[in-house]
Amino acid sequence: MAVKNKRILITGATSGIGREAAIALAKQGAHVIIHGRDAAKAAAVKQEIGAIVPDAVVDVLLADLLKKSEVLALAEAFNSRFDSLDVLINNAGGVMNTRREETEDGWEKTIALNVLAPFMLSALLYPKLQRQPDARIINTASMAHYTAKPDLNDLMYKQRYRALRAYGDAKLFVILMGREFASRQRNNPQSNQVIMNAFHPGVVATNFAGQSDSLYHLFFRIFRPLLTSPKKGADTMVYLATDEKKANSFNGAYFVKRKRAKIYIPKRDAELAGALWAAWETYTGIPFL
């Protein structure tokens, strides 16, 4: 869709592919709302966009998405300030440390940031998305989902935790979120259907895993010069936000390099998407569709 004057919220927009997408979409005339944890970093990105696009409309929302209270506050702040939303990009995410850690809500951090935060924001901002024709939710996923070995009886990894496994599972979960979302919308038709798709940005040279002591941190340090640039990594994100035809013809799909790609789902978990959705509703206490 043409994004001039469209309102787009991007989480994790103060660095990496989120920052690049914010710049690219502002150049196309979108009203960009950048989310970050750090006020100074968010202000710097807003200033940077203003220097590149002098007439850009840019707002900032701050929240630590590891905390349910701050996710709720972010959604409340958005809903109080803005009457509609055209595109929600759930981009914030990351791999955690080798030792399992919980949030203040008792959630394992990988699942909290990569899955529950996008689920909550999608649910809480869904009414504002429904007000706009051709509205979209875009989730940053990863080819790491091919390594997923989900256990519905241990979604918070209290029995067995490995940082890389948790990350792979989380990226599968966020892809399946889109599949279940599309299914539930078909069964509960609304006046304006919302599209939810996911994408793999590539192996991008960003500060991803910069705070982690996992093998991902070592990999990104060693191979950084050979990795995809953040600008290229943001390309499919921007494509899904702006394409008027092909990207909008799928709902619940997964994209790699602007093309629909195969999703790996363990055969033993044919009903995984629905079971996960129910689990996310239970954990967050937020009913969705």
Side-chain angles (χ1 to χ4, degrees), residues 1 8 10-12 16-18 20-21 24-25 87-95 110-111 114-115 118-119 122 134-150 164-186 193-206 208-209 216 219-220 223 226-277:
M1 63 179 175
I8 301 176
I10 309 173
T11 68
I17 63 173
E20 292 293 342
L25 292 166
V87 183
L88 168 63
I89 302 178
N90 290 309
N91 171 65
V95 64
T110 314
I111 298 301
N114 293 279
V115 184
F119 181 84
S122 298
D134 200 23
R136 304 172 189 187
I137 302 171
I138 300 163
N139 296 323
T140 300
S142 171
M143 291 184 83
H145 83 275
Y146 279 89
T147 68
K149 295 181 180 179
L164 303 190
R165 177 200 165 193
Y167 181 73
D169 286 354
K171 291 308 178 183
L172 173 63
F173 296 162
V174 83
I175 292 170
L176 293 181
M177 188 187 301
R179 176 172 285 195
E180 183 67 13
F181 175 86
S183 174
R184 287 175 179 248
Q185 277 206 135
R186 286 194 297 269
Q193 292 284 289
V194 178
I195 300 295
M196 181 187 286
N197 289 320
F199 78 101
H200 169 60
V203 185
V204 184
T206 68
F208 176 82
Y216 268 121
F219 172 86
F220 277 83
F223 294 102
L226 305 177
L227 304 183
T228 301
S229 70
K231 186 173 183 179
K232 289 183 178 179
D235 178 72
T236 299
M237 180 193 292
V238 174
Y239 165 74
L240 291 174
T242 60
D243 184 72
E244 297 187 24
K245 297 181 179 179
K246 187 175 180 180
N248 197 36
S249 63
F250 300 107
N251 199 352
Y254 168 64
F255 286 79
V256 179
K257 294 182 179 180
R258 297 193 175 196
K259 296 181 179 180
R260 191 180 183 189
K262 183 178 179 180
I263 303 170
Y264 168 73
I265 306 175
K267 292 182 180 179
R268 66 183 181 278
D269 293 311
E271 304 302 321
L272 184 59
L276 289 168
W277 190 279

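In this chain, residues are counted from 1 in sequence order. These figures come from a predicted structure and were not determined experimentally. Hydrogens, waters and symmetry mates play no part in the numbers below; they use all other heavy atoms, side chains included.
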Reported CD1-to-CG distance for the pair I195 and L240, which is rounded to 0.5 angstrom: 10.5 Å
Verdict with supporting geometry, L276 and V115, side-chain contact (heavy atoms from CB on, under 4.5 Å): CA-CA 10 Å; L276 289 168; V115 184; over 6 Å; no
Nearest atoms (heavy-atom pairs only) where A234 meets E20: CB-CB, 3.9 Å
Donor-acceptor under 3.5 Å (N91 side chain, T11 main chain): yes
Heavy-atom closest contact (A170 atom, I111 atom, distance): CB-CD1, 4.2 Å
For N139 against P118, the heavy-atom pair lying closest together: OD1-CB, 4.4 Å
Stepwise side-chain contact (heavy atoms from CB on, under 4.5 Å) check, I10 with I138: CA-CA 9 Å; I10 309 173; I138 300 163; over 6 Å; no
Test side chain to side chain contact (heavy atoms under 4.5 Å, CB included) applied to D235 - qualifying residues, sequence neighbours left out: R258
Polar side-chain atom of K232 near backbone of P201 as donor-acceptor pair, under 3.5 Å: no
Non-hydrogen side-chain atoms of F173 and M177 separated by less than 4.5 Å: no
Aromatic ring pairing F255/F250, orientation class (parallel under 30°, perpendicular over 60°, tilted between): perpendicular
Donor-acceptor pair, side chain of N251 and main chain of M196, under 3.5 angstrom: yes
Derivation of the side-chain contact (heavy atoms from CB on, under 4.5 Å) call for T236 and V256: CA-CA 7 Å; T236 299; V256 179; over 6 Å; no
Atom pair CH2/CZ of W277 and R179 - distance to nearest 0.5 Å: 13.5 Å
Backbone N/O of V194 and side chain of Q185: donor-acceptor pair under 3.5 Å: yes
Close side-chain approach of K171 to N114, heavy-atom, < 4.5 Å: yes
Separation of M143 CE from H145 NE2 (nearest 0.5 Å): 8.0 Å
Contact check, side chains of V174 and N90, non-hydrogen atoms, under 4.5 Å: no
Least distance between heavy atoms, A92 atom then G12 atom: CB-N, 3.8 Å
Non-hydrogen side-chain atoms of T140 and I17 separated by less than 4.5 Å: yes
Which atom of A141 lies closest to which atom of I175, heavy atoms considered: CB-CG1, 3.5 Å
Stepwise side-chain contact (heavy atoms from CB on, under 4.5 Å) test for V87 and T242: CA-CA 9 Å; V87 183; T242 60; over 6 Å; no
Aromatic ring pairing Y264/Y146, orientation class (parallel under 30°, perpendicular over 60°, tilted between): parallel
Distance, nearest 0.5 Å, that separates CG of N197 from OH of Y254: 12.0 Å
Short N-O contact, K245 and D243, less than 4.0 angstrom: no
Minimum heavy-atom distance between D169 and A148, given as atom pair plus value: OD1-CA, 3.2 Å
Spacing of CG belonging to L176 relative to CD1 belonging to I265, to within rounding of 0.5 Å: 5.0 Å
Partner set under side-chain hydrogen bond (donor to acceptor under 3.5 Å, both in side chains) for T110, not counting sequence neighbours: E108
